[in-house]
Every structure is written in C-alpha cells, then in structure tokens.
Visitor: 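Sharing a structure below in structure tokens format, with a few things to ask.
For reference, positions follow the sequence shown, starting with 1. Note that these values count all heavy atoms, side chains included, but never hydrogens, waters or copies made by symmetry.
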Amino acid sequence: LTAFTCGATGVASDALLKNGAERWKVRRLMMNIATIGPCVALLLLPLAKSATIAVALLGVMLGSQAVAIGGYLAYMQDVAPARAGAFLGVTNTVGVAAGIAANVLTGFLVERTGGFDAVFLVTAGVYASSAMVWNAFLKG
C-alpha cells in the first residue's frame with residue numbers, strides 16, 4: 001500500500017503543479033495528508049471493534065503517511081537543492097534517535113497501562129504537532 005501511495009503521490013503532485021498550483025501549497029497539502037491522516041487513524045484505532053477494522057486503520061495510517069514523499073522529501077529539493085542530501089541525513093539521524101526513544105517509551109506505556117491505547121494517543125499527538133509545524137512554517 002505504501003509503495004502504491006508513494007507513486008500515486010508523485011503523479012498527483014505533478015498533476016497539481018501542471019495545473020498551476022504553487023509548489024509550496026502542493027507540499028503543504030501532501031504533508032497535511034501525511035500527518036493528519038495517520039493522526040486520525042491512530043485516534044480511531046482503540047475504537048476498532050474487529051481485527052479487520054484495526055488492520056484497515058493501520059493501512060490508512062501507513063498509506064497516508066507515505067504521502068510525505070510528495071511533501072517533505074520534495075520540499076527539501078525545492079528549498080535547498082544543493083544541500084537536500086545533507087538536510088535529509090540530519091533529519092533522518094534525529095528520526096532514528098527518536099525511534100530509539102519511542103521504543104523505550106512504548107515499552108514503558110504498555111507495561112504501565114497493559115495495552116497500546118496510550119501509545120496510539122502519543123503517536124497521534126506527534127503527528128498532530130507535525131501538522132501544526134508544517135502549517136505554521138512551510139513557505140515557498
């Protein structure tokens with residue numbers, strides 16, 4: 001699903017740009033999908049009444065997060081084409097460090113609460129804060 005979404009995101013972004021949309025607005029749209037989509041799916045996940053619904057919500061989460069290819073990665077090329085690789089390396093390093101901390105936090109929350117609901121809530125909060133940052137600071 002994520003591989004399909006990545007490809008479809010590129011096609012959709014290109015179509016929007018060809019139809020006259022401003023680059024930064026296309027990037028912001030893609031990042032809104034990539035952050036708000038997973039946030040909503042994670043908030044709904046504890047309410048899932050069946051495994052099928054839970055798996056569908058996880059698919060929505062992963063598929064919509066993959067839209068970041070047309071937002072974040074493309075934005076790096078737009079604003080710093082000569083340094084995009086360096087910026088990506090730094091942000092990936094920070095992301096890996098956050099991933100390590102998230103594993104520890106996940107273990108703590110699951111042990112403390114006996115389930116994953118708090119983990120989903122915290123992760124949804126991270127996605128929501130990311131959406132707020134993109135909407136506040138993304139410029140052309």
Visitor: Do the ring centers of Tyr75 and Trp24 come within less than 6.0 Å of each other?
Guide: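 Not under 6.0 Å, so no.
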
Visitor: Is there a path of hydrophobic side-chain contacts, each under 4.5 Å between heavy atoms of I/L/V/M/F/W/Y residues, joining Phe87 to Trp134?
Guide: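 Yes, Trp134 and Phe87 fall within the same hydrophobic cluster.
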
Visitor: Decide yes or no for Met31 and Leu138: does some side-chain heavy atom of the first lie under 4.5 Å from some side-chain heavy atom of the second?
Guide: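 They are not in side-chain contact.
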
Visitor: Quick one: hydrophobic cluster around Val126, which other residues, with the 4.5 Å side-chain cut-off, linked directly or via members?
Guide: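 Result for Val126 is none, singleton.
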
Visitor: Which distance, rounded to the nearest 0.5 Å, do you find between the OG of Ser64 and the CG of Asn32?
Guide: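 Interatomic distance, Ser64 OG to Asn32 CG, rounded to 0.5 Å: 11.5 Å.
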
Visitor: Quick test of your reading: applying salt bridge (Lys or Arg N to Asp or Glu O under 4.0 Å), list the pairs with at least one residue in residues 67-92, sequence neighbours left out, ordered by first then second residue.
Guide: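 Output for this query lists Arg23-Asp78, Arg27-Asp78.
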
Visitor: Considering all heavy atoms of both residues, which atom of Ala124 and which atom of Cys39 are nearest to each other, and what is their separation?
Guide: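 For Ala124 and Cys39, the tightest heavy-atom pair comes out as O-SG, 3.4 Å.
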
Visitor: Does some side-chain heavy atom of Phe120 sit less than 4.5 Å from a side-chain heavy atom of Leu43?
Guide: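 No, side chains not in contact.
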
Visitor: Working note: Val26 + Glu22, criterion side chain to side chain contact (heavy atoms under 4.5 Å, CB included); need CA distance, chi angles, decisive distance, verdict.
Guide: CA-CA 6 Å; Val26 172; Glu22 295 178 62; over 6 Å; no

Visitor: Taking only residues at least two apart or on different chains, which pairs with a member in residues 102-130 satisfy salt bridge (Lys or Arg N to Asp or Glu O under 4.0 Å)?
Guide: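 Listed once each, the pairs would be none.
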
Visitor: Using the test side chain to side chain donor-acceptor pair (under 3.5 Å), find all partners of Asp14 that sit at least two apart in sequence or belong to another chain.
Guide: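 Side chain to side chain donor-acceptor pair (under 3.5 Å) check on Asp14 returns nothing, list empty.
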
Visitor: Minimum heavy-atom separation for Thr35 and Tyr127, please, with both atom names.
Guide: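 Nearest pair, atom of Thr35 first, then Tyr127: O-CB, 3.4 Å.
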
Visitor: I need the minimum non-hydrogen distance between Ser13 and Met30, along with the two atoms involved.
Guide: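 For Ser13 and Met30, the tightest heavy-atom pair comes out as OG-CE, 3.4 Å.
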
Visitor: Say you draw a straight line from CG of Leu1 to CG of Leu62; how long is it, rounded to the nearest 0.5 Å?
Guide: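 Leu1 atom CG to Leu62 atom CG measures 7.5 Å (nearest 0.5 Å).
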
Visitor: Does a side-chain heavy-atom distance below 4.5 Å link Lys25 with Leu29?
Guide: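 Lys25 does not reach Leu29 side chain to side chain.
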
Visitor: Grab the two heavy atoms, one from Gly63 and one from Thr2, that are nearest each other, plus how far apart they are.
Guide: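 For Gly63 and Thr2, the tightest heavy-atom pair comes out as N-CG2, 4.1 Å.
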
Visitor: Are Val119 and Leu47 connected into the same hydrophobic cluster when the rule is that any two of I, L, V, M, F, W, Y join if their side-chain heavy atoms are below 4.5 Å apart?
Guide: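 Yes, Leu47 and Val119 fall within the same hydrophobic cluster.
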
Visitor: If Ile, Leu, Val, Met, Phe, Trp and Tyr residues are connected whenever their side-chain heavy atoms lie under 4.5 Å apart, and connections chain through other members, are Leu42 and Met132 in the same group?
Guide: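 No, because Leu42 and Met132 fall into different hydrophobic clusters, even though each may have its own neighbours under 4.5 Å.
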
Visitor: Measuring from Phe108:CZ to Thr113:OG1, what's the distance to the nearest 0.5 Å?
Guide: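 Rounded to the nearest 0.5 Å, the CZ-OG1 separation comes to 9.5 Å.
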
Visitor: Under a 4.5 Å side-chain heavy-atom rule over Ile, Leu, Val, Met, Phe, Trp and Tyr, are Met61 and Leu121 clustered together?
Guide: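 Different hydrophobic clusters.
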
Visitor: Sequence neighbours excluded, which residues qualify as side-chain contact (heavy atoms from CB on, under 4.5 Å) partners of Ala54?
Guide: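 Testing Ala54 for side-chain contact (heavy atoms from CB on, under 4.5 Å), a comparison that skips the adjacent residues, returns Leu45, Ala48.
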
Visitor: Considering residues at least two apart in sequence or located in another chain, which fulfil the side chain to side chain donor-acceptor pair (under 3.5 Å) criterion with Tyr72?
Guide: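 Expected list: Thr91.
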
Visitor: Mind checking whether Val110 and Phe116 have side chains closer than 4.5 Å, heavy atoms only?
Guide: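 Heavy-atom side-chain distance check passes, below 4.5 Å.
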
Visitor: Evaluate side chain to side chain contact (heavy atoms under 4.5 Å, CB included) for Leu73 paired with Leu88, printing each intermediate quantity in order.
Guide: CA-CA 8 Å; Leu73 294 177; Leu88 188 58; 3.4 Å; yes

Visitor: Taking all non-hydrogen atoms of both residues into account, name the closest pair between Ile33 and Pro38 and its distance.
Guide: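 In terms of heavy atoms, the two residues are closest at O-CD, 3.6 Å.
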
